[in-house]
Amino acid sequence: FAFRLPPWHPEGLFWYHPHPHGVSDGQVLGGMSGAIVVGDLLKYFPQFRGVPERILLIKDFQGVRNGKPATILNVNGDPSPHFNIFAGQNQFWRIANVGADAYVNLHLEGKRFLVLARDGNRVVQPVWQDSLVLPPAARAEVIVNGGAPGRTSRLFATPIQFQTDTVWLGTLTTQGLASGGTAAAGRGAVPPRDGTLADSIRRLFNARANARRTFTFRSPTGSGSAFTINGDTFKVGTINTRVPLGNVEDWTLVNDSDELHVSHIHQLDFLVMDDGTGRADTLSLRDVVNMPPNSTV
């Protein structure tokens with residue numbers, strides 16, 4: 001395949017998967033998804049140029065654990081991978097939840113993530129986070145730093161709805177310094193705030209909406225019922241909403257159910273004006289947003 005990308009296309013981590021209606025869930029559960037890396041994100045963070053890079057793709061499938069049905073997670077197809085890092089070294093990790101159903105709250109024991117981009121969009125100001133909440137389709141591009149030689153840190157996911165146990169996903173081991181001091185490449189202060197990106201996000205935040213729309217998501221409630229948005233099920237060939245090119249719209253997403261939902265718009269980014277708690281997220285644009293049970297976003 002050859003893809004022609006416009007020069008304004010965001011640079012970062014994206015992904016692909018099959019999308020035939022009615023069977024895509026089973027196909028993605030079967031492993032049919034992967035990563036697409038566009039451009040050079042680190043050119044915006046020059047102090048990290050040249051650091052080692054890893055791509056970590058988290059997937060889920062339905063299996064058996066301790067004799068009971070369970071969601072089994074893996075990283076790049078491995079249920080227990082092992083990673084190495086040198087003492088003091090920075091590594092650039094591109095992490096994506098490219099599975100079908102699992103919500104992942106990712107931790108790296110004793111370490112923090114320096115977030116450079118989310119959902120293929122660089123951030124205004126890199127920020128340290130203790131964990132990464134990655135619903136299906138979400139991505140995070142982060143810097144991880146090595147600790148003292150010999151230290152082992154476990155990569156794990158803590159429970160979110162429908163997941164009852166902490167799941168160990170892998171192990172990171174810190175080795176001695178690399179020869180020639182290359183292990184410390186890219187160390188330094190957090191990159192400065194991106195004023196140009198901040199101005200663009202501020203303009204969008206303050207823009208006057210051309211229209212306001214509400215989309216209400218409901219989950220199946222019984223045998224034969226189906227997921228609906230504004231009372232409608234998906235129909236091939238039907239266009240439910242038309243938005244004029246260039247318009248700015250204010251969308252309200254209502255999760256009218258007792259389970260987590262995620263809203264993911266293909267080929268379009270948005271600014272989260274209210275994450276359900278009254279807070280705006282002006283750190284970056286997104287194409288995935290969590291919708292907690294019985295919430296409005």
Side-chain angles (χ1 to χ4, degrees), residues 10 12-15 58 95-99 101-108 112-142 157-163 190 193-194 197-219 227-230 241 243 247-297:
L13 180 61
F14 297 83
W15 70 294
I58 300 171
I95 308 170
N97 182 353
V98 297
D101 298 327
Y103 283 71
V104 178
N105 189 14
L106 197 66
H107 303 256
L108 185 57
R112 306 178 77 193
F113 303 101
L114 181 63
V115 179
L116 304 184
R118 304 183 302 183
D119 298 347
N121 292 282
R122 73 182 192 275
V123 298
V124 169
Q125 174 68 62
V127 60
W128 290 103
Q129 292 185 192
D130 295 320
S131 63
L132 301 171
V133 176
L134 299 174
R139 289 92 67 203
E141 292 168 88
V142 304
T158 54
I160 301 183
Q161 191 177 35
F162 305 131
Q163 178 187 321
V190 172
R193 183 171 178 269
D194 187 330
L197 180 59
D199 288 343
S200 297
I201 290 179
R202 187 181 302 110
R203 285 195 297 270
L204 181 58
F205 185 87
N206 293 322
R208 182 176 180 179
N210 298 102
R212 300 181 185 277
R213 305 179 194 269
T214 297
F215 298 93
T216 300
F217 294 70
R218 287 193 173 91
S219 299
F227 291 98
T228 62
I229 299 177
N230 290 348
T241 304
V243 178
N247 271 17
V248 175
E249 297 199 353
D250 188 342
W251 288 14
T252 298
L253 309 179
V254 179
N255 180 4
D256 188 19
S257 73
D258 294 327
E259 65 176 289
L260 279 167
H261 274 299
V262 60
S263 181
H264 169 53
I265 299 182
H266 296 71
Q267 304 176 2
L268 185 66
D269 295 313
F270 51 81
L271 185 67
V272 179
M273 306 290 286
D274 184 337
D275 64 1
T277 65
R279 296 190 300 266
D281 179 5
T282 57
L283 186 64
S284 68
L285 298 179
R286 309 294 288 270
D287 72 12
V288 175
V289 64
N290 274 331
M291 299 168 59
N294 302 299
S295 69
T296 299
V297 178

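Counting begins at 1 with the first residue of the sequence. In this text the structure is predicted, and so the values were computed from the model without any measurement. Values below: all heavy atoms of this structure, side chains included; hydrogens, waters and symmetry mates excluded.
- A 4.5 Å side-chain heavy-atom check between V289 and L253 finds at least one atom pair inside the cut-off.
- With sequence neighbours excluded, the residues satisfying salt bridge (Lys or Arg N to Asp or Glu O under 4.0 Å) with R112 are D130.
- Screening L271, V123, N206, D281 for a side chain to side chain contact (heavy atoms under 4.5 Å, CB included) involving I201 leaves a single residue, L271.
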Pair F217-S257, side chain to side chain contact (heavy atoms under 4.5 Å, CB included): steps then yes or no: CA-CA 8 Å; F217 294 70; S257 73; over 6 Å; no
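- For the pair V127/Q125, no side-chain contact is recorded, criterion being any heavy-atom separation below 4.5 Å from C-beta on.
- D274 and G278 get closest at one heavy-atom pair: OD1-N, 2.8 Å.
- Side-chain atoms of R213 never come within 3.5 Å of backbone atoms of A211 as a donor-acceptor pair (strictly under, hydrogens ignored).
- The closest donor-acceptor contact from the side chain of E141 to the backbone of L13 lies under 3.5 Å.
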V124/R193 under side chain to side chain contact (heavy atoms under 4.5 Å, CB included): CA gap, chis, key distance, verdict: CA-CA 6 Å; V124 169; R193 183 171 178 269; 3.7 Å; yes
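- Panel note: side chain N210, backbone V248; a donor-acceptor pair is recorded below 3.5 Å.
- Using modelled atom types and a 3.5 Å distance limit, the side chains of S295 and H261 yield no donor-acceptor pair.
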From CA spacing to verdict: side chain to side chain contact (heavy atoms under 4.5 Å, CB included), N105, L132: CA-CA 6 Å; N105 189 14; L132 301 171; 5.9 Å; no
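- Residues S131 and Q129 come closest through the heavy atom pair O-NE2, 3.0 Å.
- D194 places no side-chain N or O within donor-acceptor distance of the main-chain N or O of A198, the cut-off being under 3.5 Å.
- Between F205 and A280, the shortest heavy-atom contact is CE1-CB, 3.8 Å.
- For the pair R122 and A117, the tightest heavy-atom approach, listed with the atom from each and the gap, is CA-CB, 3.7 Å.
- Using a distance-only test at 3.5 Å, with no hydrogens or angles considered, a donor-acceptor pair links the side chain of H264 to the main chain of D287.
- Of the possible polar contacts, none joining the N290 side chain to the P292 backbone as a donor-acceptor pair under 3.5 Å is found.
- Ionic pairing of D275 and R286 is not present here: no N-O contact between side-chain nitrogen and carboxylate oxygen is shorter than 4.0 angstrom.
- Side chain of D269 to main chain of L285: no donor-acceptor pair is present (N/O by atom type, distance under 3.5 Å, no hydrogens or angles).
- For the atom pair E249 CD and F270 CZ, the distance stands at 14.0 Å (nearest 0.5 Å).
- Judged purely by atom type and a 3.5 angstrom limit, N294 has no side-chain atom pairing as donor or acceptor with the backbone of D256.
- In this structure, the ring pair (Phe, Tyr, Trp, His ring centres under 6.0 Å) partners of F215, at least two apart in sequence or on a different chain, are W251.
- Judged purely by atom type and a 3.5 angstrom limit, D119 uses its side chain to pair as donor or acceptor with the backbone of V288.
- Y103 has its side chain within reach of P136: a pair of non-hydrogen atoms, C-beta onward, lies under 4.5 Å apart.
- Considering only heavy atoms from C-beta on, T252 stays 4.5 Å or farther from V297 through its side chain.
- Between the OG atom in S219 and the CD atom in E259 there is a gap of 3.5 Å [rounded to 0.5 Å].
- Between the R139 side chain and the R118 main chain, no donor and acceptor come within less than 3.5 Å of each other.
- Taking both residues in full, the closest heavy atoms of N121 and S284 are given as O-CB, 4.1 Å, listed atom of the first, atom of the second, then distance.
- The side-chain heavy atoms of V142 and L116, taken from C-beta on, include no pair separated by under 4.5 Å.
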